[in-house]
Amino acid sequence: MLLSQESPPLEAPPETSNTKTKTILNLLQGCNTLKKLHKIHACVITAGLLNHPAISTKLLNFCAVSVSGSLLYARLLFYQIHNPQIDHWNSIIRGFSRSSSPIQSIFFYNQMVSIPTRSRPDTYTFSFVLRACERVILPLADSKRKEVHGTVIRSGYDRDFVVCTNLMRSYAGNGSIENARKVFDEMPARDLVTWNSMISCYAQAGFHYEALKTYDLMRIENVGVDGFTLVGLLSSCAHVGALNLGIEMHRLARESGFLNRNIYVGNALIDMYAKCGNLEAALSVFDGMKKRDIFTWNSIVVGYGVHGRGLEAIEFFRKMVMEGVKPNSITFLGLLCGCSHQGLVQEGVKFFNLMLSKYNIKPEIKHYGCMVDLLGRAGKLKQALDVINSCPSQNDPVLWRTLLGSCKIHKNVEIGEIAMRNLVQLRASNAGDCVLLATIYGEVNNADGVSAMRKMIKSQGIKTTPGWSWMEINDQVHKFVVNDISHPDTNEIYMKLREVIQEVTLLGYVEEDSMSLVSLKGFSGEGYCWGNGSYHSEKLAIAFGISRTPVGTCLRITKNLRVCRDCHSFTKFVSKAFNREIVVRDRVRFHHFKDGECSCKDYW
DNA sequence: GTAGGGTTAG
């Protein structure tokens with residue numbers, strides 16, 4: 001009931017309509033609870049002022065938009081207003097667009113546009129309804145978005161920065177990054193927010209290369225940068241390992257004053273440096289920050305963790321807790337990752353237990369994955385199996401796949417078969433898993449096992465993740481895939497590669513061809529590169545890097561899969577033969593190659 | 001009076 005009998009008017013009705021209006025507007029001004037609003041609403045009805053434009057707008061706005069409002073109430077109120085005006089429509093559409101039921105927003109928009117004599121949508125209406133489309137995940141939202149887009153164009157709002165930004169985000173948020181780009185390209189002019197949004201749309205969709213390319217265009221158009229630009233670009237630099245561009249962002253941040261003013265920028269810088277393999281620089285930014293939040297601490301803990309420097313990650317964790325910052329589930333991912341790569345089994349187990357007992361953080365599947373990796377890597381395969389069995393969602397193929405990976409390191413057929421059986425049962429086994437188990441069989445000279453895996457792959461059809469490597473030279477990011485011939489300097493790269501192979505062969509490099517799994521050659525199984533005799537993307541990147549950078553320059557490579565044994569051995573030899581430090585960031589960790597050795601100590 | 005952009009993990 002809107003007119004509760006227990007809600008008497010707040011004061012005696014004013015005498016004239018004008019004073020009534022003023023009194024009610026004053027009351028609305030001070031209204032901060034729904035209860036007070038109930039009473040004011042009752043007054044409004046008694047005074048017959050519900051259709052007074054200022055009053056109804058304020059009433060509705062409070063219900064639909066303010067934190068103490070109620071959308072249910074807003075909807076009832078809306079239907080009491082005769083001939084709602086643009087402000088009313090915008091209020092109700094705005095309110096629902098950010099609610100848990102954004103579809104209602106579209107519903108009201110539909111009503112609004114269904115009768116042409118009603119208010120026409122304006123720039124605000126479009127912004128709100130597009131936000132609603134972005135949040136509704138039904139396929140229907142797609143056609144709605146296109147329809148709204150059409151209306152936007154027909155009504156001339158396609159020149160409006162804000163509407164177009166909303167359109168872009170709405171498209172990108174639903175997987176249609178091409179349409180987002182199309183909107184961007186077709187705008188007659190763009191402001192800084194539009195550029196930043198394009199970058200963040202790309203970054204959030206995982207198109208980091210395109211995000212960085214957008215910055216090239218930005219430079220040409222001279223639009224400048226702000227903190228948002230820097231953060232978006234730094235995140236993409238971190239993802240693709242573009243250190244030089246990241247350093248350029250750092251310089252811009254320093255010069256423009258954002259470094260000290262904006263905690264986001266500092267946080268993104270720490271993450272970028274850590275992900276690009278330069279922990280010292282990450283630490284220096286960290287040390288220089290006046291204020292630190294959970295992102296700052298997590299970035300440094302995770303940074304040390306993925307570099308396999310578990311003890312230091314633990315040290316940062318201690319400092320963070322001492323400074324009163326509460327760790328979250330990501331902090332523990334960093335810790336467990338660090339423990340796993342440094343073989344700190346006891347510490348890892350301790351932190352895993354601490355999560356729930358002390359910090360009330362429920363371990364998620366990723367944390368279980370770290371534990372399986374920690375124990376499995378250390379050869380405690382039975383315990384790793386127990387962890388999977390204790391996990392609430394033991395039906396996750398990733399856990400079994402991690403265990404299978406550990407079985408490969410320790411050549412354990414028995415538990416490897418258990419892992420594979422579970423993967424098959426979950427209908428999740430892929431070619432990469434077969435390759436892993438086949439490797440284990442091969443290493444214990446089990447020819448039948450190898451042959452069974454070969455059959456399994458044939459019957460399933462090979463489904464693999466294509467491997468790629470990024471490398472940045474002079475602010476340009478170069479991407480290579482296996483046996484790549486798309487690079488403009490392909491001939492030069494292959495010539496250099498053959499030369500490099502000759503050099504390292506003189507030092508003792510032998511291309512690994514351990515398994516005689518002829519039918520598997522050249523494939524990249526999910527998680528691990530596989531195959532010999534083919535030119536893996538990092539070999540091409542290394543050859544390119546050697547030919548294009550001065551002697552002694554460190555080569556930094558980022559790849560999407562794990563390094564295969566052959567490439568790992570190759571890179572060690574190259575680091576010695578050419579006196580180069582080579583930093584390879586693979587899917588799970590960093591490898592620092594120097595003087596023929598790798599920081600992972602051949603344990604990855 | 002109402003609208004658009006950012007970081008870790010995934």
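A note on names: the letters A, B, ... follow the listed sequences, proteins ahead of strands, and every chain is numbered from 1.
- Taking 4.0 angstrom as the limit, Lys366(A) places none of its side-chain polar atoms (N or O) nearer than this to OP1 or OP2 of dA9(B).
- Checking dT7(B), dG4(B), dT2(B) against the side-chain heavy atoms of Asp122(A) singles out dT2(B) as nearest.
- Within residues 105-112 of chain A, no residue has a heavy atom under 4.0 Å from DNA chain B.
- Closest to the side chain of Arg94(A), from the set dA3(B), dG4(B), dT8(B), is dA3(B).
- Put simply, Thr296(A) has no side-chain N or O that comes within less than 4.0 Å of OP1 or OP2 on dT7(B).
- Rounded to the nearest 0.5 angstrom, Asn51(A) CG and Ser56(A) OG are separated by 6.5 Å.
- Leu259(A) places its CG atom 14 Å from the C1' atom of dT7(B), with the value rounded to the nearest Å.
- Sorted by first and then second residue, the salt bridge (charged side-chain N to carboxylate O under 4.0 Å, His left out) pairs involving residues 251-272 of chain A (not counting sequence neighbours) are Glu248(A)-Arg251(A), Arg251(A)-Glu255(A), Asp271(A)-Lys275(A).
- In terms of heavy-atom proximity, Arg556(A) sits nearest to Cys276(A) at NH1-O, 3.0 Å.
- Residue Tyr171(A) forms a side-chain hydrogen bond (donor to acceptor under 3.5 Å, both in side chains) with just one option from Lys146(A), Glu134(A), His149(A), and that option is His149(A).
- For Lys275(A) and dA9(B), the shortest distance from a side-chain N or O to OP1 or OP2 is below 4.0 Å.
- Closest to the Asp87(A) side chain, of the nucleotides dG4(B), dT7(B), dT2(B), is dT2(B).
- The ring-ring contact (aromatic ring centres under 6.0 Å, His included) pairs that include a residue from residues 283-315 of chain A are Phe286(A)-Trp297(A), Phe286(A)-Phe316(A), Tyr304(A)-Phe316(A), His307(A)-Phe590(A), His307(A)-His592(A), where partners are two or more places apart or lie in different chains.
- No hydrogens or angles considered: nothing links the side chains of Arg120(A) and Thr125(A) as a donor-acceptor pair under 3.5 Å.
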